[in-house]
Amino acid sequence: MAFRFFSSKSMAQDVKTQLTELLQQALASVAPSASATPIQLERPRDPTHGDFATNLAMQLAKALKKNPREIARQLVNELPVSTLVTKADVAGAGFINFTLDAGAKTDIVKAVLAEGENFGRSTQGGWQKVQVEFVSANPTGPLHVGHGRGAAYGASLSSLLTFAGWDVTREYYVNDAGRQMDILGLSTWLRYLEQNGVDVPFLPNAYQGDYVREMARQMSIAHGAKFVRQAADVLAGTPGLPEAERADDEAKRQRDQHLDALIANAKALLGPDWTYVHQHALSEQLADCRDDLEQFGVRFDVWFSEQALFDTGLVARCVDLLEKKGHLYVQNGARWFKSTTFGDEKDRVVQRENGLYTYFASDIAYHLNKFERGFDKVINIWGADHHGYISRVNGAITALDLDAAKLQVALVQFAVLYRNGQKASMSTRSGEFVTLRELRGEVGNDACRFFYALRKSDQHLDFDLDLAKSQTNENPVYYIQYAHARICSVVNQWAGDPGTLTVADFSLLGNPRELAIASKLTEFREVIENAARELAPHLIAFYLKDLAGEFHGWYNAERMLVDDAALRDARVALAAAVRQVIRNGLAVLGVSCPESM
RNA sequence: GCGCCCGUAGCUCAGCUGGAUAGAGUACUUGGCUACGAACCAAGGGGUCGGGCGUUCGAAUCGCUCCGGGCGCACCA
């Protein structure tokens with residue numbers, strides 16, 4: 001397996017490498033003084049411009065003070081003879097266009113078939129350790145379509161990096177400490193009290209969703225009235241709620257005070273039972289979340305608990321460390337980190353006046369932990385609303401004498417969902433959001449994953465639910481899957497032994513469509529490497545669309561199962577190679593490849 | 001106000017490290033199934049790449065500026 005993989009690598013790079021070497025030789029004789037000029041080779045989009053083009057002559061024009069077309073002519077004249085190149089033309093302002101030997105191009109078919117699911121793998125990452133942290137949504141309710149985007153992106157990126165030769169750890173950071181979890185616990189308890197006939201009003205700023213009622217119901221089933229307390233005790237010392245219509249800051253503050261007082265009462269009244277209620281809500285939501293993601297084809301290697309950072313004392317240790325290094329100071333009773341030293345726009349609190357650590361403090365500890373685990377690269381996938389966070393985290397890492405360059409933050413823009421032409425509400429608290437589960441149910445996992453993968457992650461996404469529901473056949477994912485199913489059908493009717501396809505006579509693949517497809521197959525590894533470097537799995541989606549398009553065009557123009565056995569085998573081999581690359585690409589994107597549809 | 005992201009066909013979006021006549025899907029018009037799957041193909045119209053200035057052989061791409069949109073600027077998470 002390993003040597004095949006290695007041989008394919010050298011094979012596929014051969015063409016470009018060989019061309020580069022030929023050009024370097026020509027360059028050394030035409031312009032010895034500029035022999036260090038980097039050779040740039042690109043694939044022209046216009047097929048009449050050949051298979052590869054270089055702008056070398058134009059780059060040299062200024063230094064040599066000569067007409068670029070003249071330089072190009074000289075380079076072509078000095079180009080060593082090679083069986084690889086059938087034509088080298090000077091074109092345009094001074095491009096050199098190379099047309100490759102057909103046989104050199106169709107050799108790729110054999111490589112694809114020989115390497116199978118490993119075709120396209122790269123050694124680019126050098127098996128360095130990289131951590132990809134993504135989703136990391138608060139386990140306070142079901143995942144929504146925004147989380148789905150982060151999940152799809154993170155999962156595809158992780159697969160992509162694995163395919164490109166990285167040793168990837170997929171991680172979910174669980175925010176199981178802090179106020180949001182307390183609010184979820186309280187919400188559950190209030191619903192429980194309600195269901196057990198205790199007259200305590202539910203809160204507008206608690207979690208409204210039906211899943212909270214469901215958790216409360218389960219608690220009743222398992223523990224009866226064990227957690228029931230008197231309404232007067234529950235409400236003792238609370239300021240009460242302002243009128244429901246009021247949305248001013250004062251009303252908001254009062255609601256928050258009321259809620260915090262209820263949490264304090266809950267802890268006092270329930271004692272150890274509060275821990276149970278809190279944990280029950282957490283584990284239920286986390287399990288739901290994990291289940292949802294698994295059905296979406298998204299799996300994690302590590303579920304990392306924020307609470308563990310406190311329990312193991314890492315947060316305290318981390319703050320002490322910053323203190324010792326002189327990056328902290330006390331003001332107004334709170335402890336501040338001097339993030340402005342590292343380019344942040346203002347300093348940040350790590351420990352509040354009341355002694356509690358901020359989220360930022362545990363986040364610093366989390367990053368210290370990541371670095372201590374020895375990753376060569378750490379990728380955080382965050383919602384775009386967290387971008388203001390990057391500089392302070394970078395600052396903290398630098399302050400701890402760690403290499404901030406190892407951390408890369410990929411921002412994912414929000415997915416805005418449209419239903420009936422209207423923006424759908426995305427607030428978790430209001431309980432009116434569209435969940436990832438609903439989306440998957442309506443659109444299907446494959447279309448969902450592909451739709452998310454179909455755009456750059458840092459681009460805003462308009463997700464028209466009605467369109468996705470009513471016109472799923474229009475989704476480009478079916479275009480690619482259809483090409484795959486078509487090929488499966490042809491191969492089945494061909495009824496030969498697929499093992500014999502690697503020895504077909506590929507020189508029979510001579511028409512322009514066939515050669516174009518062969519070139520496209522060669523591009524696959526470049527696409528993988530480029531996408532991995534840019535953290536941009538969407539490039540694979542676009543590549544597969546192109547590849548499928550070229551296949552469909554060829555399929556409609558030429559018959560594969562012709563009488564001439566040699567030609568038939570060569571064409572089936574090319575089709576099988578397309579099928580293999582579609583499989584490999586869709587696997588990275590987490591999309592299935594049905595053999596019939 | 002400051003910072004980050006974005007502005008490409010009616011709509012949704014690609015466009016690699018600057019390259020040749022800016023692309024795809026969709027929508028619209030037309031044609032193609034007694035041949036391997038028509039969830040497909042072929043052809044056509046559709047553009048001030050938000051505006052301007054600059055860098056250079058060459059700019060959608062890089063820089064500056066203006067306009068327009070999103071997000072962020074907590075002792076919240």
Side-chain angles (χ1 to χ4, degrees), chain A residues 38 40 42-46 48-49 53-55 57-59 61-62 67-69 91-95 97 138 140 175 177-181 183 256 306 331-336 344-346 348-360 362-363 383-391 411 413-414 416 454-456 458-464 467 471-479 481-483 485-494 526-527 530-531 533-534 536 538-539 541-542 545-546 548-549 551-562 568 571-572 575 596-597:
Chain A
Q40 292 181 30
E42 58 169 25
R43 295 171 185 278
R45 61 172 56 141
D46 183 342
T48 64
H49 293 150
T54 183
N55 58 359
M58 282 125 91
Q59 287 190 302
K62 195 165 193 180
N67 181 331
R69 286 190 64 98
F95 289 99
N97 293 337
N138 285 349
T140 53
N175 293 119
R179 187 161 174 266
Q180 292 307 317
M181 278 311 304
I183 296 175
D256 277 345
E306 181 190 9
Q331 189 180 319
N332 298 332
R335 218 166 345 161
W336 298 70
D344 198 6
E345 53 192 18
K346 54 176 289 193
R348 310 290 174 177
V349 172
V350 290
Q351 192 173 19
R352 285 178 250 166
E353 194 177 4
N354 62 12
L356 294 177
Y357 291 109
T358 60
Y359 175 83
F360 181 43
S362 50
D363 220 32
D385 55 331
H386 283 64
H387 74 252
Y389 224 76
I390 298 173
S391 57
L411 296 177
Q413 289 289 345
F414 285 128
V416 182
L454 202 51
R455 53 219 63 212
K456 269 195 315 202
D458 60 1
Q459 191 78 260
H460 293 273
L461 165 60
D462 289 339
F463 205 125
D464 187 331
L467 189 75
Q471 298 190 20
T472 47
N473 288 2
E474 307 293 333
N475 194 301
V477 70
Y478 295 101
Y479 185 74
Q481 288 181 326
Y482 184 55
R486 259 185 162 174
I487 296 168
C488 289
S489 176
V490 169
V491 171
N492 284 339
Q493 288 170 63
W494 169 72
E526 290 171 34
V527 170
N530 199 22
R533 192 167 38 241
E534 305 281 325
H538 76 279
L539 294 173
F542 282 92
K545 257 172 54 172
D546 284 350
F551 170 76
H552 285 308
W554 177 50
Y555 181 91
N556 276 281
E558 304 287 343
R559 189 171 162 78
M560 289 174 208
L561 300 179
V562 291
R568 181 174 65 220
R571 286 183 172 168
V572 171
S596 65
M597 44 196 294

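Below, chains carry the letters A, B, ... as their sequence lines are ordered, and counting in each starts from 1.
B:G47 sits 23 Å from B:G15 when the P atoms are compared, rounded to a whole Å. Taking the C1' atom of each, B:U8 and B:A24 are spaced 12 Å apart, rounded to whole Å. Taking atom P in both B:C2 and B:C66, one finds a spacing of 9 Å when rounded to whole Å. Rounded to whole Å, the separation between the C1' atoms of B:A20 and B:U26 comes to 29 Å. A distance of about 35 Å separates the C1' atoms of B:U29 and B:G19, rounded to the whole Å. Here, B:G52 and B:C16 have their C1' atoms 28 Å apart, quoted to the whole Å. Separation of the P atoms belonging to B:G46 and B:G58 is 29 Å when rounded to the nearest angstrom. The C1' atoms of B:C6 and B:U17 are separated by 22 Å, rounded to the nearest whole Å.
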Can you check nucleotides 56-61 of chain B for protein contacts, nitrogen or oxygen pairs under 3.5 Å, and list what you find?
none

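The side chain of A:Y479 contributes no N or O atom lying less than 4.0 Å from OP1 or OP2 of B:A38. For A:R486 and B:A38, the shortest distance from a side-chain N or O to OP1 or OP2 is below 4.0 Å.
Taking only distance into account, the side chain of A:N97 meets the base of B:A20 through a donor-acceptor pair shorter than 3.5 Å. Counting atom types as modelled, A:H552 pairs no side-chain N or O with a base atom of B:A38 as donor and acceptor under 3.5 Å.
For the atom pair NE2 of A:H49 and CG of A:D46, the computed distance is 4.5 Å after rounding to the nearest 0.5 Å.
Inter-residue side-chain proximity for A:R179 and A:D256 is flagged as met; some heavy-atom pair is nearer than 4.5 Å. At least one side-chain heavy atom of A:L561 sits less than 4.5 Å from a side-chain heavy atom of A:W494. Contact check for A:Q59 versus A:T54: no side-chain heavy atoms found under the 4.5 Å cut-off. Proximity of A:H538 to A:Q459: side-chain heavy atoms (C-beta onward) are nowhere separated by under 4.5 Å. Between A:N175 and A:Y359, the closest side-chain pair of non-hydrogen atoms falls below 4.5 Å. Here the side chains of A:D363 and A:T358 are not in contact, with every heavy-atom distance at 4.5 Å or above.
For the pair A:M560 CE and B:C40 C1', the computed distance is 12 Å after rounding to whole Å. Atom CG of A:L539 and atom C1' of B:C13 are 13 Å apart (whole Å). The separation between A:Q493 atom CD and B:A35 atom C1' is 11 Å, rounded to whole Å. When the P atom of B:G15 is taken as reference, atom CG of A:D546 falls 12 Å away, rounded to whole Å. One interatomic measurement links the two molecules: CH2 of A:W336 to P of B:C75, which rounds to 5 Å at whole-angstrom precision. Distance A:E558 CD to B:C41 P: 16 Å, rounded to the nearest Å. Atom CH2 in A:W494 sits roughly 16 Å away from atom P in B:G37 (whole-Å rounding). Atom-to-atom, NZ of A:K346 to C1' of B:G72 comes out at 12 Å; the value is rounded to the nearest Å.
Using a 4.0 Å heavy-atom distance criterion, A:A177 is classed as a sugar-phosphate-only contact. Across all strands shown, A:Y482 has heavy atoms under 4.0 Å from base atoms, whether or not it also approaches the sugar-phosphate. Using a 4.0 Å heavy-atom cutoff across all strands shown, A:N332 reaches at least one base atom of the nucleic acid. Across all strands shown, A:R455 has heavy atoms under 4.0 Å from sugar-phosphate atoms exclusively, and none from any base. Base engagement by A:A485 is indicated by at least one non-hydrogen atom pair under 4.0 Å involving a base atom. A:A91 comes within contact range of at least one nucleobase, with a heavy-atom separation under 4.0 Å. Nucleic acid contact class of A:L356 (heavy atoms, under 4.0 Å, all strands): none. Using a 4.0 Å heavy-atom criterion, one finds that A:M181 contacts no nucleic acid atom at all. At a threshold of 4.0 angstrom between heavy atoms, the contacts of A:S596 include nucleobase atoms, whether or not backbone atoms are also involved. Residue A:A53 is in base contact, counting any heavy-atom pair closer than 4.0 Å across all strands shown.
Formation of a donor-acceptor pair under 3.5 Å by the A:H387 side chain with backbone atoms of A:A384 is found in this model. With hydrogens and angles ignored, the 3.5 Å screen pairs no side-chain donor or acceptor of A:R335 with any backbone N or O of A:G355. A:H552 contributes no side-chain N or O that, together with a main-chain N or O of A:Y482, makes up a donor-acceptor pair within less than 3.5 Å.
The minimum heavy-atom distance between A:A91 and A:N97, with the atom names listed, is CB-ND2, 3.4 Å. Considering all non-hydrogen atoms of both residues, A:D344 and A:S391 come closest at OD1-OG, 3.0 Å.
The partner of B:A42 is B:U30, judged by Watson-Crick or G-U wobble contacts that both fall below 3.5 Å. Pair assignment for B:G37 gives none, since no Watson-Crick or G-U wobble pairing has each distance under 3.5 Å. Base pairing analysis places B:C64 opposite B:G52; the two distances defining the Watson-Crick or G-U wobble pair are each below 3.5 Å. Checking B:G3 for Watson-Crick or G-U wobble geometry (two distances, each under 3.5 Å) identifies B:C71 as its partner. Across every strand in view, B:C57 sits in a pair with B:G19 that passes the Watson-Crick or G-U test at under 3.5 angstrom.
When the nearest nucleotides of RNA chain B are assigned to A:T54 and A:Y359 by heavy-atom distance, the more 5′-ward of the two goes with A:T54. A residue-by-residue look at A:S489 and A:G388 shows that A:S489 has its nearest nucleotide of RNA chain B further toward the 5' end.
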Notebook entry, point to check: If the sugar-phosphate is the primed atoms plus P, OP1 and OP2 and the base is the rest, what is the B/S/- string for nucleotides 2-8 of chain B, using protein heavy atoms under 4.0 Å?
Noted result: -BBSS--
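In this structure, A:Y555 forms an aromatic stack with the base of B:C36, since both conditions hold: centre separation below 5.5 Å and plane angle below 30°. Here A:F542 does not lie in a stacked arrangement on the base of B:A14, lacking the combination of planes under 30° and ring centres under 5.5 Å apart. A stacked arrangement is not assigned to A:H386 and the six-membered base ring of B:G72, the conditions of a centre distance below 5.5 Å and an interplanar angle below 30° not being jointly met.
Checking A:Q180 against A:T140 by side-chain atom types alone, no donor-acceptor pair falls below 3.5 Å.
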